[in-house]
> 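Below you will find the structure I want to go over with you.
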Amino acid sequence: MGKILLIEDDISYSRIIKNFLEKNGFEIFTANKVSEGLSGMKIYKPDLVITDFRLPDGNGMQILESILKEGKNTKAILITSYSDIRIAVKAIKMGAVDYITKPINPEELLETVKEALEYPSKDQGEGESISSMSKQYVEGKSPASQEMEEQIQLVAPTDLNVLILGETGSGKEFVANKIHLLSKRKNNVFTAIDCGAIPKELAGSELFGHIKGSFTGAFDNKTGHFENSKGGTIFLDEVGNLSSEVQVMLLRAIQERKIRKIGSNYEVPIDVRIISATNENLKSQEKDASFREDLYHRLNEFSIQVPSLKERKEDLDLFIQRFIQSSNQRLGKSVEGIDPEVKNIFYNYSWPGNLRELKNVIRRAVLLSKGPKITSDLLPVEIKDYIVTRNESSYTPPFKDSLQIQEREIIQKALLETKYNKSKTAKLLGIDRKTLYNKMEKYGLN
């Protein structure tokens, strides 16, 4: 069914996952460190890499960076704790197909692996289809959402370049897609390019093309995305990741409406609208010269701020129902909604991963649900703990509870110091490995 490289430093945990996936027909290779994982990718040439975030000699992001740098079609899934949700979302932006959180549920793992291996291999720059994204778009009713919708309606019919600002996972690409669909370019191509997922040395070629022999590895002529998107819209996600050299090429393309392929002496006219997005402050990058001021102003002829999920809690019900509906279709389930306790938790949680986090939480809950409603036992323990901690922040615990809180903090600190190496953590704390596992289970630190 597919070759999988599993990179996990907890040997017993790795063995359980390996045995489970092998029973389901997959060919599994294992590694315990980043260095072993990097070697394993060259030796085994896996279709999918499943890597833990915390590893003894580094972290899973280094594995993702290696896959990206090599420009391979290898898919990747990141394993992380729910407290690292922002890292998980960043991994998606780097090119990971998905992430799963510990403790891992076997059904969820199997479903995620199957989806990852079935995920279409895409050339960089190709995003979800326009029709697919338009069906998933949810127009919110909150004041923040309505203000954003008004701005979309205002700028879409023009040909102004738009800069979309917002936190990771807030839905910036969906906003860009809607602007395209409401524009006079709607019948032409919409090309989404994740600038953070293109190796820097290849970005110029991907965007503008090259001629045969212009650099090592240029075995054929290549037409770039700007030329291929004639009459349409180009969406540059995470535009702040472009190198200074590519920024110069982009500025010239905007100013002159012409591009020059790498290695060519001829100019090619272009006709595209540019929509960019970032979760960073490009103005601050201007000051330290990492992002050109003149390019910033060319891209920012009009800006739209996408509100975070916590800024539009009034829209939660709309998003919840849409994600339940799509999860039902995808997983063959018939979940009808969430129970009142879950609704209360959702409305009080901060959602640092925004819509992407909500979508993943609901997908997991729908998968595990055995009834018509999503109940609180199907939610990640960290979300429930967040609510409990928030509610008890002004409460002074009894002496016994206070000691337990201190013990949890000490164990968590030791785990962070050893990068979640269980053997080193147990030794540092002066306890055996079994005791450490029991305490991690007790305090939800798995």
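These numbers come from a predicted model, not from an experiment.
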> Verify, without hydrogens or angle tests, whether N300 (side chain) and Y296 (backbone) share a donor-acceptor contact under 3.5 angstrom.
no

> Report the residue from K141, R312, K178 that forms a salt bridge (charged side-chain N to carboxylate O under 4.0 Å, His left out) with E149.
K178

> For a quick check under 3.5 Å, do S145 and D315 share a side-chain donor-acceptor pair by atom type?
yes

> Can you name the closest pair of heavy atoms from N161 and E301 and give their distance?
N-OE1, 2.7 Å

> Might you point out which heavy atoms bring R433 and S423 nearest each other, and give the distance in Å?
NH1-OG, 2.5 Å

> Going by heavy atoms in the side chains, are L154 and F302 under 4.5 Å from each other?
yes

> Output, in order, the C-alpha distance, side-chain angles, deciding distance and verdict of side-chain contact (heavy atoms from CB on, under 4.5 Å) for Y137 and N177.
CA-CA 9 Å; Y137 188 90; N177 181 71; over 6 Å; no

> From E417 CD over to Q412 CD, what is the distance, rounded to the nearest 0.5 angstrom?
11.5 Å

> I'd like to know if the side chain of K422 reaches the main chain of Y420, judged simply by a donor and an acceptor atom lying under 3.5 Å from each other, with no hydrogens or angles considered.
yes

> Testing the basics here: between Q321 and E336, what is the closest heavy-atom pair and its distance to 0.1 Å?
OE1-O, 3.7 Å

> Could you check whether any side-chain N or O of N105 sits under 3.5 Å from a backbone N or O of L368, counting only pairs where one atom can act as donor and the other as acceptor?
no

> Within the side chain of K333, is there an N or O that forms a donor-acceptor pair under 3.5 Å with the backbone of S369?
yes

> Is D98 salt-bridged to K75, cutoff N-O under 4.0 Å?
no

> Answer whether the closest heavy-atom distance between the side chains of P46 and I4 falls below 4.5 Å.
no

> Give, for atom CD1 of I17 and atom CG of L109, the distance between the pair rounded to the nearest 0.5 Å.
6.0 Å

> Nearest 0.5 angstrom please: I164 CD1 to N279 CG, how far?
13.0 Å

> Is L367 close to S327 at the side-chain level, that is, under 4.5 Å between some pair of heavy atoms?
no

> Side chains of D10 and S12: do they bring a donor and an acceptor to under 3.5 Å?
yes

> Measure from the side-chain N and O atoms of R364 to the backbone N and O of L378, and report whether any donor-acceptor pair falls under 3.5 Å.
yes

> So does E167 get a backbone contact from the side chain of S170, meaning a donor-acceptor N/O pair under 3.5 Å?
yes

> Tell me whether K343 at atom NZ has more than 12 heavy atoms from other residues, nucleotides or ligands lying less than 6.0 Å away.
no

> Tell me the closest heavy-atom pair linking V239 and F291, and the distance in Å.
O-CE1, 3.6 Å

> Are a donor atom and an acceptor atom from the side chains of S229 and T191 found within less than 3.5 Å of each other?
yes

> With a 4.5 Å heavy-atom cut-off, do L78 and T51 have their side chains touching?
yes

> Any side-chain heavy atom of L236 sitting closer than 4.5 Å to one from L250?
yes

> What do the steps show when you test I7 against E36 for side-chain contact (heavy atoms from CB on, under 4.5 Å), and what is the final call?
CA-CA 8 Å; I7 308 172; E36 292 177 7; over 6 Å; no

> Return the minimal non-hydrogen interatomic distance between N421 and D9, and the atom names on each side.
CA-OD2, 3.8 Å

> Could you please spell out the steps behind the side-chain contact (heavy atoms from CB on, under 4.5 Å) verdict for V34 and I63?
CA-CA 7 Å; V34 170; I63 303 295; 4.1 Å; yes

> Is it the case that the side chain of D432 and the backbone of T435 share a donor-acceptor pair, with hydrogens and angles ignored and the cut-off at 3.5 Å?
yes

> I'd like to check F26 versus L117 (side-chain heavy atoms, cut-off strictly below 4.5 Å). Are they in contact?
yes

> Quick one: does R273's side chain have a donor or acceptor within less than 3.5 Å of a partner on T158's backbone?
yes

> With heavy-atom distances below 4.5 Å as the criterion, would you say the side chains of E27 and Y44 are in contact?
no

> Taking P56's backbone N and O only, do any of them form a donor-acceptor pair with K33's side chain (distance below 3.5 Å, no angle check)?
no

> Nearest 0.5 Å, what's the CZ-CD1 distance between F235 and I275?
7.5 Å

> Please report the C-alpha distance between D317 and Y347 in whole Å, then the side-chain angles of each, then the deciding distance to 0.1 Å, and finally whether the side-chain contact (heavy atoms from CB on, under 4.5 Å) criterion is met.
CA-CA 10 Å; D317 283 344; Y347 270 83; 3.3 Å; yes

> Could you give the distance from OG (S303) to CG (L160), rounded to the nearest 0.5 Å?
11.0 Å

> What distance separates I410 CD1 from R408 CZ, expressed to the nearest 0.5 Å?
12.5 Å

> To check you understand the geometry: which heavy-atom pair defines the closest contact between E314 and S142, and what is its length?
OE1-CB, 3.4 Å

> Do L358 and L316 make a side-chain contact, defined as non-hydrogen atoms from C-beta onward lying under 4.5 Å apart?
yes

> Taking W351 for its side chain and S308 for its backbone only, find out whether a donor-acceptor pair lies under 3.5 Å.
no

> A quick test of your reading: do over 12 heavy atoms of other residues, nucleotides or ligands sit less than 6.0 Å from NZ of K313?
yes

